[in-house]
Structures are given as C-alpha cells and as structure tokens.
Amino acid sequence: MAIITIETTPFEGQKPGTSGLRKKVPVFQEPHYLANFVQSIFDALDGIEGETLVVGGDGRFFNEDAIQIILKMAAANGIARVIVGQNGLLSTPAASCVIRKYGAMGGIILSASHNPAGKNGDFGIKYNARNGGPAPESLTDRIFENTKSIDRYVTSDASDASLGTIGTQSLEDMAIEIIDPVTDYAELMGSLFDFDKIKALFASGFIMQFDAMHAITGPYATAILEGTLGAAKGTVINATPLPDFGGGHPDPNPVYAKTLFDTMFGEDAPDFGAASDGDGDRNIILGRGCYVAPSDSLAILAANAHLAPAYQAGLKGVARSMPTSGAVDRVAEAKGLSFFETPTGWKFFGNLLDDGRISLCGEESAGTGSDHVREKDGLWAVLLWLNILAESGKSVADILSAHWQTYGRNFYTRHDYEAVDTASADAVMDGLRSNLNALVGQQFGDDTVTIAEDFSYTDPVDGSVTSNQGICIVFESSARMVVRKSGTGTEGATLRLYLETYEPDASKHTVETQDALAGLISVAEHISGIRARTGRDAPSVIS
Ligand code: G16
C-alpha cells in the first residue's frame, strides 16, 4: 500500500449549485472528474489531518464506486477516521446527525436528491461542514476556485474497503468505521417526539401509507414507523432503495408521487399519507382526500410544534426561503416570533440555526427542518405531523381547514419549465431584470405592481451578501410572482415560476388552487414571457 500523486488538469463547470455539484453519471465516471472535485474540497479546508469525516449517500448508481475513491483520497490526505453508513448508505439528514453526534469535521454526501438515478441518470456530491449543514457560499466558492487550477491529487493504491461489514477496518493509517445508517438517527427522533403517544395512535387503528419511492428513506421509515411505532406491516411502500430508484423520479410532488395521491384521494383512503425523496430530506403530507402544500405544512408545523416534547417551550423563530409562500409569516406575526426570509438553498438557514435565532425553517420545495440537525429532514417532518395528530386527536383535513380559518389561506403554486434551452432561460431572466423599474406602478387587471426586485439577502449573523436570487414582483393586493432559475438541474435550464395570493375569506378557501390563481397566472405569463421565449406551451410540472 502506498500514497500516490496523480497529475490532472481542471474540468470546466465544477461549480456547486443550490446543493452541491450535480451532473450526469457518465460525467462523474470520466477519469479524474470526481477525484478533482474531492481534492478541491480537501484543499479548501484548513487542518484536515487527524480529523474525522463522515461519508455516505442515497444509494444511487455510482454511490459505492465514488465512496471507494473518496476513502482512498481521504487516507492519502491525512484524515484519521472516516465514518461510513453500511453499504455506503446515509440519508442526508442522518449524515447531518452523525456529523454532529461524533464531532466530525464534516461530511461528504453523495446524492442528486430527487433527480432520477441509474447508469445515465444523475449523480451529485456535496460537502457539509462541522455543524452538519451544507457548506456556506464562502466555502463552495473556495472549492470552485480550486477546481479551476488543480494539477494533482493524492490517493492510495490500497484495495477497496468492505462497505457491507459493520465495524472498524483500516486503510493506510486511517480508520474506517462502518456504522448502521439508521441507529443514530432513530435515537435522535426518539428524543424529540412523544413516541408513546404515536404508538397509541397506531394501536388505535390509525392507518398510514409512506412512499419511500425506492430511495434512501425506506430503511429509516420501516425501522421507525413499522418497527418502533407499531404501524402495520406494509405501511412503508417501495421501501427498498434501488440504484435507479426503480426507474422512478423520487421527487415527492403530485406528478411523481401520483400513486400515493391516487391512494389518498381514492376510496377507503388511509388517515395519513407521506412520501420522501431520493436522499430523505424532503417530505409531502396528505390526509384522507387532502394534500397539504409544503408552504402550508411549514406554517402548520410552526403553529403546532409546541405539541411535541422538543418544541414544548415554544420556537425561537422561524425562517422560509423567499419563493416559499407567506403562510408561515402570518404564524410568526401572530405568535410574536422572529422571522427571516432567505434565498433558496438550505445552506442559508445554517447561521440562523447555529446562532439560535430560529428553531424551525422550510421551503416550498417540500423541505422542512429544525435545529435538531442542519439539513431539511423528511421523516422528521412526518413524525412531527404524527405527534401533532396524536396529541390533537384531529384529522389532517381538520387541522388544515382550521389553520386557514385562523390565519387565512395563501393560495400557492409552482410552475416548472424543465430542461429548457439555457439561452432562452437567460433571456427570460435578463428581460425581467431590465424591466424591473418600469414595472413598478403598472396596472394589470385591477391590481398594481408595488415592488419589483431581484432578491438580495444580507445574512444577519455574518453580514455576507448574496445577490441575484430571483425576480420578485409584488402587487397591491399582496399577490406575488417570483421567477428564478433552478440551481439543481443537470439538463439545460429549469425555470421556476412561483405564484401566490392571499384569501382571508373562509368561504372561498375550498376553491381549486389553479382556479384561485388563474388571473395571476396569466398576468405572470404576460410579464415574464416564459412561454413565448422558451417555446413551451405549458409547464412540465405544476405543484
Ligand atoms: C435543494 C436545496 C433546497 C432547494 C432545492 C431546490 O434541495 O437544498 O434548498 O429548495 O434544492 O432548488 P432549486 O430551486 O435551485 O432547484 P435538494 O432536496 O435538491 O437537495
């Protein structure tokens, strides 16, 4: 066994996006491609010698190959110990939990989240810091700079580690500890929620269906829901993680989680339905015959979190990403909680959580989380919902309509135009940007634009400024449209159009969402010119 230095040259485009570097599998399989990025991470960190690193992924195609490359490079770079989930598996929130619990310097998480997997699917890699959260922009910028000038990396010629065997092995001078991927996470969940109450709920005949979409949450959900909490066998469907997610698209939304939606809106529907995504950090919530939009779910969790032991004393504050609906703002106002609006990307919540300014946060993209880890956490959200249902004795539909009655309803939808030509997407964004000043004061139908801006965020903890985070246009009625380019796609560009209106009148709360927003949708199309510029006549996904 020897440490060897390999000469290399930079690859273009290794810039981390909203959540790490995501590309097609064949790109990651090119010789040196992954190694260049991993060395660029190590070179961007100070004093890694003697430190502990956590490594794991969502089990998608290329996961184990990538882990073998990373382990050899970690040993060659002087890391003392690497903790790896058995068979290379760790959900994103579990990785965050393990980093924090074992005091690791950080972790490398292998996932492209909800993006499809397989031989020609997507792969991704991201670095999480000592707090267990996604690397801040300052670090991802340093990593990207390194990728542009890299000329060598170091590795070991040792043979592959055995990822299937729990216990400790060594590679050069480095210890590799293979751990059960579920144990630490399950223990943390048990410390946050009233498991006895939830057990009693299941024992009373409460029926749930959880769709793991053949992705990483299967083993976690099976162990906790069916194992510890006594939900009926078969509660978790599509529970075995597969390298290609069974050919599916583990993005829990009405389009890709259609089977679950059909079940929950069908005859004899279960009491509660939920699904998670590729790496286990997203969630959707359904009740019998009803769907809770992620922005509403965030608001409902903020309003009811005190029903779970971990949040009994009340929340420190709440935050949401800019495109997320303002439903949670109303809860914050009513309860006198601090409130923050951040750019899209979980990394922006990190400082607020570390500094104790917030204890709950979330995004329209089906992500909710709290200060228990530094990632959004799909199963955590499902368990918090279960705790609220168990404690309140109400159904999901009752909780949803009572919430709207108290706070009013923020009708909300997101229209995605996926894989559009990048130049056309840029033309949409540039067109909007150049027109911002002119829009203010313009009337559309019976509404008038009051604010038109390109969202910019100043982090209240470290003062860093992040600009150009999406075009936000607000109307007099408080209706709002937001347009931004996704930072997680791997094909062309994805444009996201977010639309929101507010309805205080309870007699109008049951109107169908797309109908309630129809007027705004056509105004937004007119202002943005998305369809004309991209040649698309409809969004690819409406959620
Ligand atoms: C990531 C980020 C989220 C973000 C989402 C969508 O989630 O962690 O903060 O909301 O992408 O981002 P975009 O709109 O740029 O595609 P995940 O679950 O993909 O890691």
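Reckoned from all heavy atoms, side chains included, excluding hydrogens, waters and symmetry mates. Whatever order the structure lists ligands and atoms in, that order sets their numbers, starting from 1.
Under the side-chain hydrogen bond (donor to acceptor under 3.5 Å, both in side chains) criterion, N36 pairs with T8, sequence neighbours left out. The side-chain hydrogen bond (donor to acceptor under 3.5 Å, both in side chains) check on D211 picks up N238, with sequence neighbours excluded.
A salt bridge links D122 with K24: at least one charged nitrogen is closer than 4.0 Å to a carboxylate oxygen.
Protein residues having a heavy atom under 4.0 Å from any atom of ligand 1 are T18, S19, R22, S113, H114, D277, D281, R282, T344, G345, W346, E363, S365, K376, R484, S486, G487, T488, R496, listed by chain and number.
Relative to the six-membered ring of Y502, R330 meets both conditions, a distance below 6.0 Å and an angle of at most 45° to the axis.
Residue pairs meeting the side chain to side chain donor-acceptor pair (under 3.5 Å) criterion with at least one partner in residues 342-354, sequence neighbours excluded, are N131-D354, E137-K347, N351-D459, N351-D462, D354-R374.
When ring centroids are compared, H403 and Y407 come within the 6.0 Å threshold.
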